[in-house]
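Everything on this sheet refers to the single structure shown next.
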Amino acid sequence: MSEMFNFSKRISSLKPSPTLALNAKANQLKAEGIKVFNFAVGEPDFPTHKEIVKKAVEALEAGDTRYGPSGGGLPLRKAIVSKLARENSLEYKPDEIVCGMGAKEILFHLFLSLLNEGDEVILTAPCWVSYMDHVKAAGAVPVVVPVPESGPMVNPETIEKYVTSKTKAFVLCSPNNPSGYALDRNELLKLGSYLKAKNWWVISDEIYEYLSFDHPHESIIKLVPELKEKSIHISGMAKGYAMTGWRVGYAAGPKKIIDLVRNLQSQSSTCIPPFIEKAAAWALDQGHDLMQKEIDSLAKRRDIAMELLAKIENVKAIKPQGAFYLFVDVRKALQKSKTLDTSLKFSEHLLNEYQVACVPGEAFEAPGFLRFSYATSVSDLTEGLSRLDQAIRSLS
Ligand code: PMP
Ligand code: GLU
């Protein structure tokens, strides 16, 4: 098709976001009246805090309905600067901050700004669905370090095997989507001292920073300050503040790269709606405490989900220390089946036969795993994992 119309080869090679596609499929079944246990998409199930909504409504009523500045207005960037200093011990100036329509747009524009044709970007599997396609859209090459034998984790020894003279950047996502691992201080220091010896750009995606349950989140850029001159900290409002639909993400980094990202937004989505900026700045000023109750409830559900999972034979998951996903290793269970022998086929079977929607590991460069978001009700979680148990038992 694309050959007939001579479409862009680069863009035609991209796939739609699998997590969003699966969510759409689950919602379509729901609209047809079918009860679906939807663990597919990664978004908190609680509403945005009432006060944040109120701030946006007030701004709308006050007439904040026009274009805003590309890359975010000064009040929002100042709120981010204060938040980074207060919560992350990271020092940036407002002109080292750029805001965009979600961390996804920021990352997309960042890869476009950073990469040239043929540059390589190291990603460690399992990795979030969009990095691969963002890198490809920029004409560069994603190089994926496979999941280590011992399970999902990032370690310098395995990364080193994938380094070439074309390696330009490294992406770290901790707390991690999809596996939920969160590097502790020692692991970050070890990784940081490895990265320090390289001349790469480090993209540190910390969008799940509020959701670190077992130890306080720390940024690798704070722990290893030598990285700062070639690092970009990424975060946003979607996960920690339950504001997925508001589309607010940001990056902090050296001014030269931040300027390029801002220029690109001025040529694409223009700006974040200004009434949303007001609400986001207010939320950032409140900080982590505003969401503590919800964060605690996610940690409880993590524990419930792990207990339920422990009862299912032939599957295992590392205990997620952060984010809100269970990343379940089903490789042993799938060995029992002649037909449902991949996580992709098994996830389709789960949806069609058991009405359970989850994301197959193939979407995260980690075949043999399934991702379940546990940001759902405990009753859905209990029933959904019981259905997973039934489906696993019936494999033969
Ligand atoms: N990074 C990671 C690791 C994510 O899981 C997501 C998913 N939302 C994003 C970035 C993008 O977030 P946003 O909704 O702010 O675009
Ligand atoms: N990041 C979320 C997820 O992994 C939202 C979906 C998406 O942005 O693709 O499910």
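Whatever order the structure lists ligands and atoms in, that order sets their numbers, starting from 1.
In this structure, Asp259 does not pair ionically with Lys256, as no charged nitrogen and carboxylate oxygen lie closer than 4.0 Å. Under a 4.0 Å N-O distance rule, the pair Glu187/Lys190 does not qualify as a salt bridge. By the 4.0 Å N-to-carboxylate-O rule, Glu226 lies close enough to Lys196 to be salt-bridged with it.
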N or O contacts of ligand 1 with protein under 3.5 Å, please list pair by pair.
| from | atom 1 | to | atom 2 | distance (Å) |
| --- | --- | --- | --- | --- |
| ligand 1 | 1 (N) | Asp205 | OD2 | 2.6 |
| ligand 1 | 5 (O) | Asn177 | ND2 | 2.7 |
| ligand 1 | 5 (O) | Tyr208 | OH | 2.7 |
| ligand 1 | 8 (N) | Lys239 | NZ | 2.8 |
| ligand 1 | 14 (O) | Arg247 | NH1 | 2.9 |
| ligand 1 | 15 (O) | Ala103 | N | 2.7 |
| ligand 1 | 16 (O) | Ala103 | N | 3.2 |
| ligand 1 | 16 (O) | Lys104 | N | 2.9 |
| ligand 1 | 16 (O) | Arg247 | NH2 | 2.7 |

Ligand 2 polar-atom proximity to protein (N/O, under 3.5 Å):
| from | atom 1 | to | atom 2 | distance (Å) |
| --- | --- | --- | --- | --- |
| ligand 2 | 1 (N) | Trp128 | NE1 | 3.1 |
| ligand 2 | 1 (N) | Lys239 | NZ | 3.4 |
| ligand 2 | 4 (O) | Trp128 | NE1 | 3.3 |
| ligand 2 | 4 (O) | Asn177 | ND2 | 3.0 |
| ligand 2 | 4 (O) | Arg371 | NH1 | 3.0 |
| ligand 2 | 8 (O) | Lys104 | NZ | 3.0 |
| ligand 2 | 9 (O) | Ser17 | OG | 2.8 |
| ligand 2 | 9 (O) | Thr19 | OG1 | 2.7 |
| ligand 2 | 9 (O) | Lys104 | NZ | 3.4 |
| ligand 2 | 10 (O) | Gly42 | N | 2.8 |
| ligand 2 | 10 (O) | Arg371 | NH2 | 2.8 |

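Atom NZ of Lys9 sits in a sparse spot, with 12 or fewer heavy atoms from other residues, nucleotides or ligands closer than 6.0 Å.
Side chain of Gln265 to main chain of Val261: no donor-acceptor pair is present (N/O by atom type, distance under 3.5 Å, no hydrogens or angles). In this structure, Thr167 contributes its side chain and Thr164 its backbone to a donor-acceptor pair below 3.5 Å. At least one donor-acceptor pair under 3.5 Å links the side chain of His215 to the backbone N or O of Ala182.
Between His288 and Tyr210, the angle of the ring planes goes over 60°, which puts this pair in the perpendicular group of the 30/60° scheme.
A side-chain hydrogen bond (donor to acceptor under 3.5 Å, both in side chains) with Asn88 holds for exactly one of His233, Glu206, Glu209; it is Glu209.
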